Amino acid sequence: MKSRSQDQSLSDSRELDRSYDPLTGSTADDEELSAVRYRPEGLDPLVQKTNFSRRELQVLYRGFKNECPSGVVNEETFKSIYSQFFPHGDSSMYAHFLFEAFDTRNNGSVTFEDFVVSLSIILRGSITDKLNWAFNLYDLNKDGCVTREEMTEIMHSIYDMMGKYTYPCMEDNAPKEHVDNFFQKMDKNNDGVVTIEEFLETCQKDESIMQSMHMFDSVI
Amino acid sequence: MAAGVAAWLPFARAAAIGWMPVANLPMPVAPAGKNKRQDEMIILNVSGRRFETWRNTLDRYPDTLLGSSEKEFFYNEETKEYFFDRDPDVFRSVLNFYRTGKLHYPRYECISSYDEELAFFGIISEIIGDCCYEEYKDRKRENAERLMDDQEDNKDAKPPNMTCRETMWRAFENPHTSTMALVFYYVTGFFIAVSVITNVVETVPCGTSPNQKEVPCGERYTVAFFCMDTACVMIFTVEYLMRLFAAPSRYRFMRSVMSIIDVVAILPYYIGLVMTDNEDVSGAFVTLRVFRVFRIFKFSRHSQGLRILGYTLKSCASELGFLLFSLTMAIIIFATVMFYAEKGSSSSKFTSIPASFWYTIVTMTTLGYGDMVPKTIAGKIFGSICSLSGVLVIALPVPVIVSNFSRIYHQNQRADKRRAQKMQKARLARIRISKQGTSNAFLHSKRNGLFSEAPEFTSSTEEDQRLNKSTSLLESQHHHLLHCLEKTTNHEFVDQQYYQQSYLEAGLQNYPSRSPSLSSRDGVSGTCCTRRSKKQHAPLQNASGPAHMQPLTQVHAHPRGLQELSTIHIQPLSTSRSSLNMRVDEPASLNCQSSQITTAIISIPTPPVTTSDGDAHLRAGPAHQNVVKVSAL
């Protein structure tokens, strides 16, 4: 997202003109021309690419198209959809990280193919694939290792979803302690980062993680 | 359930994969997908017109007729469809509400038939989208007014058993109700007019006395004027006292604008009676007589238009304020400029900046008296700029005020702005309440212990099982998702009251933390949820209190919490993640209590002085668990 600080000024008369969108710097007239209409390539290629059946893909697409008639999801829609499932707290940060993970092509929008491919990995992939995907979610800058800062951000976003009214009351450093716990468990060579190998190794040895991964088999 | 995005629930559940590796507690069991009825089409036959839709489209709103089991009453076995003997045109809007999540009001539809359909299908009208809501409300108000007008025509006979006081008040407020009221209305109007005219004529010069200059009539015919003034004031006083007596709420009446005007109108007379004819105070007395002119405002009871004018000015307060502010700014600027421009010229009238204010005001309002004129060239230039800008500054807010007045005047039946805001607030409150159902549903079902899905626990009562069936699959999946989040973060969702209550209790109690094995922490913040608050969670009672004194191997058959407690005990020194004995199909209301019990057990070797404080302290946060584990390891 563009930072607004340099573009915005109190006396910017363009802001008073409602068709001007300071986020993208374009007026509403321009936007309507550039609305994206995207169609997925077809049911059969998707069936081959993913592990879903035809029927499942049909159901998924209907839901997808209903919410995003233009055929792509942008981050705002993604966040608003996700926030409807978590009315208590603020799920925008976690939704942002999810969006980054779904948006494999890094162009700010998620097409139905991206969506379904990622879902296929999570719901129908092997354990290794699922863990890889989770690691990719945590690795915010996609450099192959999860640093403490990245994990702290992820943890904060998860805790933010709980909201204010929790029992017991949410401490300020609850996320941080959780991160410490995570690193202590995962970071075998104590170099301050968790690599994919350490992650896979630790998770595969951990029974409860394995079991919770299997929970996703029955989601669809 | 978040309606409208029900189709995205699989995505939301899949996204929970990010929590799994970081969670320290095992996840609850996912609700079993019952027989796959989601992808089924339903036929709705409304008076012969068939509508077809997916079953889970209707399931999005489970508290309406079509979304709940109530529609089974309308099921036709032979034709395998749901038959409703209702209007198919309105049903279109109803069904579109399920499809799109937005309820629209078709303009051609009659408001009362639409309301009836909404009531039949169990949809509250506040959900109507913003695009159609204004129209809906306007039509509804018109309808209500029409009904009220019809009723008022029948209501001429006054209801019996009205006390004398109520009759009087009704007569005052609405002069058309009885002849007496009408007579009273006209008499007071007449006397107001007489009083105002008297005040005016009093000051007219009335012929000369032979030895003096012209005297005003008031001084010539003092007695006559005094008698007329007395008569008017007596009438006004009597009227005011009668209104005060009849008012249903005397305090409110006394605070109302009309009553203040009444008081201000008659007070100078009484003050004048009291004060003697002293020279010193007669100046002040003369000033008081000015207030007699306020009697003219009493006419506003007699004139609807005057009241509307007053209301308009009140409602345009912000525009008037802007006008005043911008004028003040301009006056000061131009006065300063003119003063310095005219400073040079001799015998200039612009002696100071405040003196220039008069010139600026007269010029900007295009009055142009000519008592002060600029003489220098610079002064003339700035003077012309001043007059041009005056026209602009004054012309800008005036159309706003005018349009406001005309709008209010034409709709003088319109409800007060305050009442509209209250209605808007009420509408939003109703929508919020019905939406809170989704978030409260989760807390509610937690309290009902709906998570016990394992069939072998016989303690789940008949009622629980019935409740289990009634929550739809979507809801149970959504609740499962929220429950996984609770497990991941090791905190529970509670509602606001509970949270505030536990927070309050924390403020009352003080547990200093002196345990060396725990991180140093402020005692108050660490014990924000104390033992006493746990009585709200009935299943946890066994887990709290003296549980940590129980022997490690104790196994309880209680379905909630303690069974896990015992299994965790078996592995006290290992990390909490390896729970080889943990049964996956445990009921899922594990919460921080049991994990804290683990920590309590581990920290038994800590110095005894802290155990009594320490365990209460330990209950406070799951974070402690981690810290203690480090030390134990």
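Within every chain, numbering begins at 1; the chains are lettered A, B, ... in the order of the sequence lines, protein sequences first and strands thereafter. A quick note: this is a predicted structure, and the numbers were derived from the prediction, not measured. Values reported hereafter were calculated over all heavy atoms of this structure, with side chains retained and with hydrogens, waters and symmetry mates removed.
Here CD1 of A:Ile158 is found 8.5 Å from OG1 of B:Thr489. Values are rounded to the nearest 0.5 Å. If you take OH on A:Tyr167 and CD on B:Glu486, they are separated by 12.5 Å, rounding to the nearest 0.5 Å. Atom NE2 in A:His178 sits 7.5 Å away from atom CG in B:Asn490 (nearest 0.5 Å). Remark: A:Met213 CE to B:Ile17 CD1 distance equals 4.5 Å, nearest 0.5 Å. Within the model, atoms CZ of B:Phe11 and CZ of A:Phe78 stand 3.5 Å from one another, a figure rounded to the nearest 0.5 Å. Interatomic distance, CG of A:Asp206 versus CE of B:Met20, reported as 12.5 Å (0.5 Å rounding).
Contact annotation for residues 191-204 of chain A against chain B (heavy-atom separation below 4.5 Å, listed by residue number): A:Phe199, A:Cys203. Of residues 96-115 of chain A, those residues with a non-hydrogen atom less than 4.5 Å from any non-hydrogen atom of chain B are, in numerical order, A:Leu98, A:Phe102, A:Phe115.
For A:Lys65, the NZ atom sits in a packed shell: over 12 heavy atoms of surrounding residues, nucleotides or ligands are nearer than 6.0 Å.
Within the 4.5 angstrom heavy-atom criterion, atoms from both the backbone and the side chain of A:Lys164 approach chain B. Using a 4.5 Å cut-off between heavy atoms, A:Val116 makes no contact with chain B at all.
A centroid separation of less than 6.0 Å is found between the aromatic rings of A:Phe64 and B:Trp8.
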- Task: Would you check, one step at a time, whether the test side chain to side chain contact (heavy atoms under 4.5 Å, CB included) holds for B:His478 with A:Phe86?
- Result: CA-CA 9 Å; B:His478 186 209; A:Phe86 298 97; 5.9 Å; no
- side chain to side chain contact (heavy atoms under 4.5 Å, CB included) assessment of A:Leu123 paired with B:Arg13: CA-CA 10 Å; A:Leu123 299 178; B:Arg13 301 181 71 203; over 6 Å; no
- Message: With side chain to side chain contact (heavy atoms under 4.5 Å, CB included) as the criterion, how do B:Glu492 and A:Met162 come out once you've worked through the C-alpha distance, each side chain's angles and the decisive distance to 0.1 Å?
- Response: CA-CA 8 Å; B:Glu492 281 180 15; A:Met162 289 295 293; 5.8 Å; no
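Between A:Leu119 and B:Ala14, the shortest heavy-atom contact is CD2-CB, 3.4 Å. The shortest heavy-atom contact between B:Ala15 and A:Tyr94 is O-OH, 2.8 Å.
Between the side chain of A:His88 and the backbone N or O of B:Phe493 there is no donor-acceptor pair closer than 3.5 Å.
For the salt bridge (charged side-chain N to carboxylate O under 4.0 Å, His left out) condition, the pairs that include at least one residue of residues 122-146 of chain A, sequence neighbours left out, are A:Glu56-A:Arg124, A:Lys130-A:Asp217.
Contact check for A:Met215 versus B:Pro28: no side-chain heavy atoms found under the 4.5 Å cut-off. B:Pro21 places a side-chain heavy atom less than 4.5 Å from the side chain of A:Tyr138.
Considering only residues two or more places apart in sequence or on other chains, A:Leu43 meets the side chain to side chain contact (heavy atoms under 4.5 Å, CB included) condition with A:Arg54, A:Leu57, A:Gln58.
In this structure, B:His491 and A:Tyr159 have perpendicular ring planes: the angle between them is above 60°, well past the 30° mark.
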